[in-house]
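Here's the structure, in C-alpha cells; my notes come after.
Note that the coordinates shown come from a computational prediction; the quantities given were computed from them, not determined experimentally. In what follows, chains are A, B, ... by sequence order, proteins preceding strands, each numbered from 1. These numbers come from the heavy atoms of this one structure, side chains and all, not from hydrogens, waters or symmetry mates.
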Protein chains: 2
Amino acid sequence: MAIKYKEIADRLEREIREGTFDQTKKLPTEEELIKKFEVSRNTIRKAVTQLVNRGYIYQVQGSGMFLREESVTDYINLGSLRGLTKDLTSKTIETKILSLHVVEADELTAKGLRCEGGTKLYYVKRLRIVDEEPFSIEISYFKKDVVPYLNEDIASNSIYSYLIDHLKLNIGFADKVINCEKIDEESAELLHIDPFDPALIIENTVCLTNGTIFELSKSIFHFQKAKILNRINFK
Amino acid sequence: MAIKYKEIADRLEREIREGTFDQTKKLPTEEELIKKFEVSRNTIRKAVTQLVNRGYIYQVQGSGMFLREESVTDYINLGSLRGLTKDLTSKTIETKILSLHVVEADELTAKGLRCEGGTKLYYVKRLRIVDEEPFSIEISYFKKDVVPYLNEDIASNSIYSYLIDHLKLNIGFADKVINCEKIDEESAELLHIDPFDPALIIENTVCLTNGTIFELSKSIFHFQKAKILNRINFK
DNA sequence: AAGTGGTCTAGACCACCGT
DNA sequence: CGGTGGTCTAGACCACTTC
C-alpha cells in the first residue's frame, strides 16, 4: 500500500495499542506529526481522522489530541472487518465447521442478495468456540461468482482475511441489524443453553466498494458471553 | 452555523431523504456540486464524506456517488444523537416519566462517570411508548454541573434536543455496549412481557467534545419490537 | 499572546470505470 | 479515450484553550 495517510494511521494505531502515548494520554501535535512523517498537514489530518473514526482518540480544538479510555473487557467490535479473532485477543478461539457447500439461492436469500433465485452460493455454517466454550453460530451465504472457491481449511480460520488478502476483494460497506430473540432448539443445544433462553442476533449484509451485495450472514450469540461495543463520534 | 461543508451535507441529506435523486440513484458529480454550491473541491469532498459516514451514499472511483438502499424506517439508529423521535418517524411516540430527581452518585455510578461519590446527578427514568405500546425503559444519569436544570416537560420530549439547542452542549463521542439479558420482573411488567423473557440492552457512556463524561444511561428494549441498525463503511 | 486544532482554497497528478 | 473519484501539497485565516 502506497497510500500515505493510511500508512500513518496504521502506524499510529499500532503505537497507541503498544502504549507509546500512555504517559501523556496525548498524541503529538499536528505540527510534530508533519515533521515526523514529512507530509502535508492535510495528510496528517486525514490520518488522524481515521484514528478518530476507529475510536482511538478524540480531538479538542485549541488543546490537542487525546487517547480515549481503553475498553477493558472483550467486546465484539461492530466496525471491524476481521471478526472475532481480532476482537477477542486475550481468548483462544476455535472454529468448527458444521456445514459447507454450494447451494442454489432460495427465494428469500435471493431477495436479500438482490439476485435471481437459483444463483450459486456458498453456504457456510460454523460454530465459534471461545475459551473452550461455545460462543456463537454463524450462518453465511456468499455469492459464488464473487467468492469462487472456499474450503474447510479457509473457513476454519478467518474467511475475511482470505477474501481480502487472497481474493483481493474490495469490501466497501455493510448493514448490520441487531436484535434479540428466543433461541431455537437446535441452536440452544449447540451453544449449551436452555431452549427459550435469549440469543443476541446480528444480521449482516455486506457489499463490495462498487455496491454489489456479496454476503448475507446471521450470527447467533450466547446471550451471557457476547457483548457488542460500538464507539461513535458526532462531528 | 456558518460551516460550509456541514450546511452542504445537511442540505444534501435533506434532498436525499426527499427523494431528489431517486430517479438516477446517483448524486451529481463533484464537479457539478462545486458549481452548484460555489465552494472548493475539498469542501465538497468533506460534505460528501459526511453523507458516506451517515450511511446515505457510497462512492465508486471512476464512476460516481450512489444512493445506498433505503433502510425501512423502523430501526433504532446507533449513530444518531436525537434518539427515537428521529429514528421511528412513522410511529407515534409518547414518553412517560417514571422518575426524575437530583441524587448523589453511588459508588458504581461515580465510577462510570469518572467522578467522586456523592456528586450531584439528575436521575431520569422514562418509559417510551411507541404506537400505544410500551417499547423501552430508559434510565439515565446526567452530571448536574453539566446539565444544571431538567424538568418533566423537557424529559417528556427529546432531552438531547434540549442539551444541544438550549444548553448548547458540545457532544463529542460515546461508547455503546449492546447485549441481551433475561429481563427483571419490574421491567417485564412495564413492557408488558413475561418475566424471564429476553431484553435487548444498550448501555451508553456519553462525552462532551472536551472528553468530559456527562451521561450514563441504560436502555431496556422490548425484545420483539426493537431492532438496531448500524451502517458501516470500510475505508 | 502563544499554542493547537478547524475550515477553506487552488491546483497537480493518479487510479479506476465505462465507451 | 473522457469522465469521475482518490491522494497530496502549500498556504491562509479562524476559533478555541491555556497561561
Measure from CD on B:Glu30 to C1' on C:dA12 and round the result to the nearest Å. 15 Å

Does NZ in A:Lys35 sit with more than 12 non-hydrogen atoms of other residues, nucleotides or ligands closer than 6.0 Å? no

Heavy-atom nearest nucleotide on DNA chain D for B:Glu31 versus A:Glu38: which residue maps closer to 5'? B:Glu31

Starting at CD of A:Glu7 and ending at C1' of D:dC8, how long is that distance when rounded to a whole Å? 14 Å

Side-chain N or O of B:Arg45 versus OP1/OP2 of D:dG5: is the shortest distance under 4.0 Å? no

Length of the CD-C1' vector between A:Gln50 and D:dG6, whole Å: 13 Å

Please confirm whether the shortest side-chain N or O distance from A:Ser63 to OP1 or OP2 of D:dT17 is below 4.0 Å. no

Integer-rounded Å distance: C:dT7 P and B:Phe37 CZ: 18 Å

Describe the nucleic acid contact of A:Lys26 in one word from base, sugar-phosphate, nothing, applying a heavy-atom distance below 4.0 Å. nothing

Between C:dT7, C:dT9, D:dT7, which one does the side chain of B:Lys4 approach most closely? C:dT9

Whole-Å distance separating the CD1 atom of B:Ile34 from the P atom of D:dG6: 13 Å

Start at the 5' end of DNA chain C and walk down; is the nucleotide closest to A:Asn210 or to B:Arg41 reached first? B:Arg41

The nucleotide from C:dC8, D:dC8, D:dG5 with an atom nearest the side chain of A:Thr43 is D:dC8

Which nucleotide sits closest to the side chain of A:Gln61: D:dT9, D:dT17, D:dA15? D:dA15

Sidechain-backbone polar pair: A:Lys4 side chain, A:Val39 backbone, donor-acceptor under 3.5 Å: no

Euclidean distance, atom CD1 of residue B:Ile44 to atom P of C:dC8 [Å, nearest integer]: 11 Å

I'd like to know if B:Glu215 and B:Lys143 make a salt bridge, using a cut-off of under 4.0 Å between side-chain N and carboxylate O. no

Report, as yes or no, whether the 6.0 Å neighbourhood of atom NE2 on A:His166 holds more than 12 heavy atoms from other residues, nucleotides or ligands. no

Would one find a side-chain N or O of A:Lys6 under 4.0 angstrom from OP1 or OP2 of D:dG6? no

Distance below 4.0 Å between B:Gln59 side-chain N/O and D:dT4 OP1 or OP2: no

Rounded to whole Å, OH of B:Tyr58 lies from P of D:dT4 at a distance of 16 Å

Is A:Tyr5 close enough to D:dT7 that one of its side-chain N or O atoms is under 4.0 Å from OP1 or OP2 there? yes

B:Asn42 CG - C:dA10 C1' separation (whole Å): 9 Å

Would you sort out whether B:Glu30 and B:Met65 count as a side chain to side chain contact (heavy atoms under 4.5 Å, CB included), showing the intermediate values? CA-CA 9 Å; B:Glu30 293 183 349; B:Met65 305 186 281; 4.2 Å; yes

Verify the contact: side-chain N or O of A:Lys46 to OP1 or OP2 of D:dC8, cut-off strictly under 4.0 Å; return yes or no. no

